[in-house]
Amino acid sequence: MNLEQIYKSINYIFSDENLLKEALTHPSLAYEKIDALPDNQRLEFLGDAVLQLVLTNDLFVRFPQFSEGLLTKLRSRLVSTKALEEYAIFINLGNYILLGKGEEKSGGRSRTGILADAFEALIGAIYLDSNFDTAKDFILFCCKDKMSRVVSDPIEKNPKGELQEILQSLSQDALHYRVITQSGPDHDRSFTTEVLWKNLVLGQGSGKSKKESESNAAISAMENKLWL
């Protein structure tokens, strides 16, 4: 383990190197080696709590006008497993995780869940090795790009979700999306989708993927308001 390289990547130097090693020890290694350090699951538990508090406080201060519900949605974007993977990749954490041979062979070093867990464990280790403010600085350093995107676009556009909320307030009948046409070669496909509710076609939309065509169909439905 090249400690100098790790410290440069994470922008922090540990006083207790065993805490760092524990944070980087995946359960697969602890299971294979009798003399291995404890795995990182306990530190992950602690780090998750510190991460939640830091980002909750940051969002609370940044958006004094936002409701609890919207703040919760913003936080979920910042602490999702994919977001944690993004932070881990930012500091090259996958290069330093200590894995068992089987997990190593199966590509565990780049696996989303493993990266996310190690990142939270690292937060827990930094918190124990220093203090809350230092852990906070580390978290905000790693999350700065994601946070800037959330700040610039706090209201995440989700037309399918919006449409579903509208219709659920009127009836428990489910809505359905159905692809009605698809064309073009594999590298340049085009889809047209319609959204149905109570056997009524509320709208149609097209896009380069099924997801995009469904979103556009939902936008069309909200413009048409045929349920009124």
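Keep in mind that this is a model prediction, so the values were computed, not measured.
For the atom pair Glu194 CD and Leu200 CG, the distance stands at 10.5 Å (nearest 0.5 Å). Atom NZ of Lys82 sits about 9.5 Å away from atom NZ of Lys146, to the nearest 0.5 Å. From Leu3, atom CG reaches atom CD of Glu17 across 4.5 Å, with rounding to the nearest 0.5 Å. To the nearest 0.5 Å, atom CG of residue Leu115 and atom CG of residue Leu93 are 6.5 Å apart. Considering CG of Asn92 and OH of Tyr96, their distance stands at 5.0 Å, rounded to 0.5 Å. Distance check: Ser80 OG to Arg75 CZ gives 12.5 Å after rounding to the nearest 0.5 Å.
Ser9 contributes a side-chain N or O that, together with a main-chain N or O of Gln5, makes up a donor-acceptor pair within less than 3.5 Å. Listed for the Ser28 side chain is a donor-acceptor partner under 3.5 Å among the backbone atoms of Gly100.
The side-chain heavy atoms of Leu74 and Leu78, taken from C-beta on, include no pair separated by under 4.5 Å.
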Side chain to side chain contact (heavy atoms under 4.5 Å, CB included) assessment of Leu140 paired with Leu55
CA-CA 8 Å; Leu140 295 180; Leu55 293 180; 4.3 Å; yes
Apply side chain to side chain contact (heavy atoms under 4.5 Å, CB included) to Ile139 and Ile126, showing your working.
CA-CA 10 Å; Ile139 291 167; Ile126 291 174; over 6 Å; no
Given ring pair (Phe, Tyr, Trp, His ring centres under 6.0 Å), test Phe141 with Phe90 step by step and report yes or no.
CA-CA 10 Å; Phe141 165 72; Phe90 174 68; 5.5 Å; yes
Under the side chain to side chain contact (heavy atoms under 4.5 Å, CB included) rule, what do Ser171 and Trp227 come out as? Steps first, then yes or no, please.
CA-CA 11 Å; Ser171 168; Trp227 58 83; over 6 Å; no
Begin from the C-alpha positions of Ile123 and Asp48 and carry the test side chain to side chain contact (heavy atoms under 4.5 Å, CB included) through to its verdict.
CA-CA 8 Å; Ile123 292 171; Asp48 173 69; over 6 Å; no
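Relative orientation of the Phe132 and Tyr127 rings is perpendicular, given thresholds of 30° and 60° on the angle between their planes.
Ile13 and Ile91 fall within a single hydrophobic cluster, where Ile, Leu, Val, Met, Phe, Trp and Tyr side chains are chained together by heavy-atom contacts under 4.5 Å.
Scanning all heavy atoms of the two residues, the minimum distance from Asn40 to Ala118 falls at ND2-CA, 4.0 Å.
Taking the six-membered ring for Trp, Phe138 and Tyr12 have ring centres at least 6.0 Å apart.
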